[in-house]
Student: 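Provided herewith is a single structure, encoded as structure tokens, for subsequent inquiry.
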Amino acid sequence: MADYETFQHDVLVIGAGGAGLRAAIEASAAGVSVGLICKSLLGKAHTVMAEGGIAAALANVDERDNWKVHFADTVRGGQYVNQWRMAELHAKEAPDRVRELEAWGAVFDRTKDGRILQRNFGGHKYPRLAHVGDRTGLEMIRTLQDHGVHQGIDVHMERTILTLLKQSGRVVGALGYDRERGRFLVFRAKAIVLATGGIGRAYKITSNSWEYTGDGHALAYVAGAELIDMEFVQFHPTGMVWPPSVCGILVTEGVRGEGGILTNKDGRRFMFDSIPENYRAQTADNEEEGWRYCQGDKDARRPPELLTRDHIARCIVREIKEGRGSPHGGVFLDIAWIKKKIPNAAEHIKKKLPSMYHQFKQLADIDITEQPMEVGPTTHYVMGGIRVDSDTQMSRLPGLFAAGECAAGINGANRLGGNSLSDLLVFGKRAGEFAAQFAKENQLGDINGNEIENVAHEALRPFERSRGENPYMLQRDLQETMQDNVGIVRNEAEMTSQLEYLRKLWERASHVGVSGNREFNPGWHTALDLKNLLTVSEAVTRAALERKESRGAQFREDYPEKDARFANVNTIIWRGEDGRMNVRLDPLPEMPDYLKQVIEEMK
Amino acid sequence: MNVQFKIWRGDASGGKFREYATEVSEGMVVLDAVHDIQRTQANDLACRWNCKAGKCGSCSAEVNGMPKLMCMTRMSDLPLDRPITIEPMKAFPIVKDLITDVSWNFRVKQKIKKFKPRPPDAPDGTWRMQQEDIDRVQEFRKCIECFLCQDVCHVLRDHQMHDRFIGPRFLIYAAALEMHPLDTENRVAELREAHGIGYCNITKCCTKVCPEEIEITDNGIIPLKERVVDEFYDPLGWLWRTGKRKREP
């Protein structure tokens, strides 16, 4: 019999980044008891790495901004396969969520008249991102963390959830283990919120930390929830490319928001060469106009460096493939050039982009106030995730909610920069609110001892194979093949071969072994994460095969154009009774006329 | 080139340095080397890390005796002709290998009075603050909670006065709250008593190791000490406040 300790909460929140913390705060404020599971220490979750800002139509810098413009920008960026209701709620509620952070102690950069300053970002028509230099994520997570610890939330740090526990179709708890001692823990709860973030560790070049192994996606999928839009993986156009050990580390879009330009080895601003039709009307057609936009000229249109991430990433890949890249296989991102335009440019750059300055200086010996950076695409974010009700964030499993990156719907085929932090706040709050309500209306369920026994036994099996395969090597093989076969440019042959390879990896995963004991053993943890990584990798591949067109983040060289047959559908992934992964296309919910009108007005 | 490492392995019951060797290539940081060793030679070598870009403050350790973030310490800045030693922080109890029990820090923070803003300035519930009035607070809020300042503070490291002194990290945290233009709470009495600000004798070791280059001592702790002095030891201030209290019914 497996030995385990039991905890009991009304609402259990799994994941302690922006969405999880915001959900926990909301649920706790509603008067229910809350447990919060952190995979790492509190305050170290991935939100801490967000740089550029929080998108919210506060209209502090440009009074023409409002929720309608933000909504239209979001669905245009998402190529109109977003869940319209989520995009609407997000645009309407984001300003309140940002102001609330200020009331909880966040200190955003200010406008001249003392209000929250907003900056330009890709795909946003007006300066919209509330920010603190280029460390906005840190400000956000610290504010939520410091507010949350006074709310009586039970914080469980360095714990990992292995499975969700169910009783007659409803979620009633979770089984996990604590890293320090390697002991099993059972969490009984009336409602559970998943807020586990993304899947970037399925790829070799990524801006994501070791935690991003698709845990929530896989937990929900295995428990019977559906995943949606999994083919849409965002490759951020600007990650570091040199030196090799820092390859993939993020370079904020804020660099371009502050006037940074992308050039190839010939010094050409190649983004002017390919402005998509649906953005032509709002994009500058000459360098002078682009610069005026960055300086706040309201009559100017934005420079093409502030087009959407999917498009810029593809343009960069094209430059590199056609031999116009930088020495280390990227392109140049230059902010130093603004010294031709403004006095004290070096000081200005250090003030606006302090952590970028620091990062390049320390890790690459590059002074960004003097030299251009070398950048290339890096796996950054997954638009796909757990399918949820737009208003309540509940999945199709009663009692199971999801928010933030592991949930899906707000972003469609491509996420705009800055919309993630606002998504975490808006839908984290909603998930917490409705999870608390569910908890008030339902009783604790019963825990099945046999199920716990089975999962615990399975989790310990790698210790019986101390001569088994090294889990790190398997993880590396997965990352390399996903990068090569289901990356920025995709085709049927490579993805079909990847599905076959994934089958082999599943087989190998059942033979991995770990050495040492259960106490704080990262090898063991890597072995346990493999199941989640393989699940989400398969989901991405199957969904990408199903969408036989190019849209947003999905680019198929065998179907290079958008196809009307896929314009009104989402891919859905679910687990069949036989345990096999299935995929189907579901029609998008019909958008109401008032929102269609908003899109029309904003064209 | 092939470089030798001595990494502390063990747990609360004891441990020792173990020797490893790995290839070091251009641009590598100490954390890369630790990961290589973990991947290929010691799967169970325990270390914390997340962002690998100096933003999360997870990978704190002592490299050749110096408190550092492993992700921001370039191998090329270290002497590679002799073994590089990597060991856990000393001010906190050992859990395993490079991991220490930093839970005390989270308990300390909870004891500091939370942010309490003045009523909003505008009818829409928002406030107005000038950038120059928040520059200092923003400096303190850069803190990534790596706890290297706590590790190097002799009051905690050598004298183990964790029950009487909150350490530089939380003095900076308190300073950020005290100097926040909107905050109305007063934390000065606790700083003097429960938080033990007097134990700091401004040797500035904390400032020297801060990876965020926060001027912990000059900009944070010294002004807080001055507030304590003003409130408790300044006779004119005392008279003024007493008089004021009397006038307030």
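Numbered from 1 within each chain, the chains take letters A, B, ... in sequence-line order. All of these numbers come straight from a predicted model, not from anything done at the bench. Computation of the quantities below employed the complete heavy-atom set of this structure, encompassing side-chain atoms and omitting hydrogens, waters and symmetry-equivalent molecules.
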Student: Considering only heavy atoms and a distance below 4.5 Å, find which of Gln475(A), Arg476(A), Glu158(A), His358(A) pairs most often with chain B.
Tutor: Glu158(A)
Student: Among Ala122(B), Cys47(B), Cys51(B), Ser25(B), who wins on heavy-atom pairs under 4.5 Å with chain A?
Tutor: Cys51(B)
Student: Check whether Lys39(A) gets within reach of chain B through its side chain, its backbone, both or neither, counting any heavy atom under 4.5 Å.
Tutor: neither
Student: Shorter than 4.5 Å, heavy atoms on both sides: which option in Ser40(A), Pro522(A), Gly137(A) has the most such pairs with chain B?
Tutor: Pro522(A)
Student: Can we call the ring centroids of Trp104(B) and Phe147(B) under 6.0 Å apart?
Tutor: no
Student: Give, as side chain, backbone, both or neither, the part of Trp524(A) having an atom under 4.5 angstrom from any heavy atom of chain B.
Tutor: neither
Student: For Ala364(A), is it the side chain, the backbone, both or neither that has a heavy atom under 4.5 Å from a heavy atom of chain B?
Tutor: backbone
Student: Taking side chain as everything from C-beta outward and backbone as N, CA, C, O, which of these in Pro119(B) sits under 4.5 Å from a heavy atom of chain A? Side chain, backbone, both or neither.
Tutor: neither
Student: Given a strict heavy-atom distance threshold of 4.5 Å, which part of Leu177(B) is in contact with chain A: side chain, backbone, both, or neither?
Tutor: neither
Student: Under a 4.5 Å cutoff for heavy-atom pairs, which residue among Gly133(A), Ser355(A), Gly516(A), Gly105(A) has the most contacts with chain B?
Tutor: Gly105(A)
Student: Ignoring hydrogens, what is the shortest heavy-atom contact between Phe463(A) and Ser515(A)? Give both atom names and the distance.
Tutor: CE2-O, 4.4 Å
Student: When heavy-atom pairs shorter than 4.5 Å are enumerated against chain A, which of Gly57(B), Gly54(B), Pro120(B), Ser103(B) gives the highest number?
Tutor: Gly57(B)
Student: Will you find, in the side chains of Gln131(B) and Gln138(B), an N or O donor that is under 3.5 Å from an N or O acceptor?
Tutor: yes
Student: Applying salt bridge (charged side-chain N to carboxylate O under 4.0 Å, His left out), run through Asp133(B) and Arg128(B) and close with a yes or a no.
Tutor: CA-CA 11 Å; Asp133(B) 296 330; Arg128(B) 300 290 177 269; over 6 Å; no
Student: Between Tyr20(B) and Arg9(B), is any side-chain donor less than 3.5 angstrom from a side-chain acceptor?
Tutor: yes
Student: Given a strict heavy-atom distance threshold of 4.5 Å, which part of Asp32(B) is in contact with chain A: side chain, backbone, both, or neither?
Tutor: side chain
Student: Count the heavy-atom pairs under 4.5 Å between each of Asn470(A), Ile249(A), Val514(A) and chain B, then report the option with the highest count.
Tutor: Asn470(A)
Student: Which atom names give the shortest non-hydrogen contact between Asn43(B) and Gln38(B), and what distance separates them?
Tutor: ND2-O, 2.9 Å
Student: Identify which of Asp113(A), Asn208(A), Val132(A) forms the greatest number of heavy-atom pairs closer than 4.5 Å to chain B.
Tutor: Asp113(A)
Student: Out of Val107(A), Val246(A), Val149(A), Thr143(A), which one racks up the most heavy-atom pairs below 4.5 Å with chain B?
Tutor: Val107(A)
Student: In this structure, is the centre-to-centre distance between the rings of Tyr212(A) and His46(A) below 6.0 Å?
Tutor: yes
Student: Top residue by heavy-atom pair count (under 4.5 Å) with chain A, among Lys52(B), Glu145(B), Met28(B)?
Tutor: Glu145(B)
Student: Any idea which of Ile112(B), Ile99(B), Val137(B) has the most non-hydrogen atom pairs under 4.5 angstrom with chain A?
Tutor: Ile99(B)
Student: Quick check on the interface: out of Lys116(B), Gln130(B), Arg74(B), Glu26(B), who has the most heavy-atom pairs with chain A under 4.5 Å?
Tutor: Arg74(B)
Student: Is chain B contacted by the side chain of Leu117(A), its backbone, both, or neither, given a heavy-atom distance below 4.5 Å?
Tutor: neither
Student: If you look at every heavy atom in Ile216(B) and Cys210(B), which pair is closest and at what distance?
Tutor: CD1-CB, 4.1 Å
Student: Taking side chain as everything from C-beta outward and backbone as N, CA, C, O, which of these in Gln362(A) sits under 4.5 Å from a heavy atom of chain B? Side chain, backbone, both or neither.
Tutor: both
Student: What part of Lys142(B) gets within 4.5 angstrom of chain A, counting heavy atoms only: side chain, backbone, both, or neither?
Tutor: both
Student: Is the His525(A) ring parallel, tilted or perpendicular to the Trp210(A) ring (thresholds 30°, 60°)?
Tutor: perpendicular
Student: Is Thr22(B) reaching over with its side chain to a backbone N or O of Ile37(B), donor-acceptor style, under 3.5 angstrom?
Tutor: no
Student: Please rank Lys109(B), Met129(B), Lys96(B), Lys55(B) by heavy-atom pairs under 4.5 Å with chain A and give me the top one.
Tutor: Met129(B)
Student: Considering only heavy atoms, which portion of Asp97(B) lies under 4.5 Å from any heavy atom of chain A: side chain, backbone, both, or neither?
Tutor: neither
Student: With only heavy atoms counted, which part of Met240(A) is less than 4.5 Å from chain B, the side chain, the backbone, both or neither?
Tutor: neither
Student: Would you find a donor on one side and an acceptor on the other, under 3.5 Å apart, between the side chain of Arg159(A) and the backbone of Leu36(A)?
Tutor: no
Student: Assert yes or no for the condition that the ring centre distance of His180(B) to Phe115(B) is strictly below 6.0 Å.
Tutor: yes
Student: Within this structure, what is the CD-NE2 distance for the pair Gln118(A) and His131(A), rounded to the nearest 0.5 Å?
Tutor: 9.0 Å
Student: Under the salt bridge (charged side-chain N to carboxylate O under 4.0 Å, His left out) rule, what do Asp96(A) and Arg99(A) come out as? Steps first, then yes or no, please.
Tutor: CA-CA 5 Å; Asp96(A) 279 346; Arg99(A) 288 192 278 260; 3.1 Å; yes
